[in-house]
Amino acid sequence: GATAYCDTAPNSVGTGALMGHAGSFGITANDLELKASGAVPGQFGIFYFGPNQISAPFGHGVRCVGGQTRRLPVLQADFFGDASLSLDFTTAPASDITADSTWNFQFWYRDPAAGGASFNLSDALTTTFCP
């Protein structure tokens, strides 16, 4: 399973975005879906992942994922501020994820109504993948 870590920060519409998931962490199953809830409705964002856990102020939130990070495609949060993305371990950059490797995931999204940096981040998830 996955473990949540790091703090989320309030955004212009509420208490902040939270990471979640559906599917399994099995490479063979290839059915992992990353989810974020509580982001800003209609705004764009990305899921990204990396090998290290960090805690650094970034925008209006906290950057929780470090090391050599990989960005996933840009997507738009729905009317509720939810976003999801299915990973495909057979194509880059998700193909960097292999059995017995540990990765950290976070959602980085626009928040123009907050002013200043105009972006925020969710909390983060960490997991070790299985075959």
Item to complete: Flag the pair Asp88 / Asn30 as yes when at least one side-chain heavy-atom distance between them is below 4.5 Å, and no otherwise.
Response: yes
Discussion item. I'd like to know if the side chain of Thr126 and the backbone of Thr3 have a donor-acceptor N/O pair within less than 3.5 Å.
Written reply: no
Fill in: Nearest atoms (heavy-atom pairs only) where Ala9 meets Gly61
CB-CA, 3.8 Å
Worksheet item: Is there a donor-acceptor contact under 3.5 Å from the side chain of Asp31 to the main chain of Gly23?
Response: no
Item to complete: Keeping the roles fixed (side chain from Asn120, backbone from Pro10), state whether a donor-acceptor pair exists under 3.5 Å.
Response: yes
Practice prompt. Check the hydrophobic clustering (I, L, V, M, F, W, Y; side-chain heavy atoms under 4.5 Å; chains of links allowed) and say if Leu87 and Phe107 are grouped together.
Written response: yes
Worksheet item: When rounded to the nearest 0.5 angstrom, what is the spacing between CZ in Phe89 and CD1 in Ile97?
Response: 5.0 Å
Worksheet entry | Linked, directly or transitively: Leu121 and Leu72 (ILVMFWY side chains, under 4.5 Å) | no
Discussion item. Taking Gly1's backbone N and O only, do any of them form a donor-acceptor pair with His21's side chain (distance below 3.5 Å, no angle check)?
Written reply: no
Worksheet item: Side chain of Tyr5, backbone of Cys64: donor and acceptor closer than 3.5 Å?
Response: yes
Worksheet entry | For the student: nearest non-hydrogen atoms of Ala117 and Gly59, plus distance | CB-CA, 3.6 Å
Discussion item. Quick one, Phe129 and Thr98 - any side-chain contact, counting heavy atoms below 4.5 Å?
Written reply: no
Fill in: Nearest atoms (heavy-atom pairs only) where Ser122 meets Met19
OG-CG, 3.3 Å
Worksheet item: Between Phe25 and Ile27, is there a shared hydrophobic cluster once you connect ILVMFWY residues whose side-chain heavy atoms come closer than 4.5 Å?
Response: yes
Fill in: Main-chain N/O of Val65 paired to Arg63 side chain as donor or acceptor, under 3.5 Å
yes
N/O donor-acceptor pairs under 3.5 Å from side chains in residues 32-52, not counting sequence neighbours:
unit_1, atom_1, unit_2, atom_2, d
Glu33, OE2, Ser84, OG, 3.1
Tyr48, OH, Gln106, OE1, 2.7

Item to complete: Check whether any side-chain heavy atom of Arg70 lies under 4.5 Å from a side-chain heavy atom of Trp103, and answer yes or no.
Response: yes
Worksheet item: When hydrophobic residues are tied together by side-chain contacts of less than 4.5 Å, even through go-betweens, does Tyr109 share a cluster with Val62?
Response: no
Item to complete: Give a yes or no on whether Val13 and Leu18 share a hydrophobic cluster (residues Ile, Leu, Val, Met, Phe, Trp, Tyr; joining criterion: side-chain heavy atoms under 4.5 Å apart).
Response: no
Worksheet, complete the sentence: What one should report as the nearest heavy-atom pair of Pro73 and Leu85 is CD-CD2, 4.0 Å
Fill in: For Asp123 against Cys6, the heavy-atom pair lying closest together
CB-O, 3.6 Å
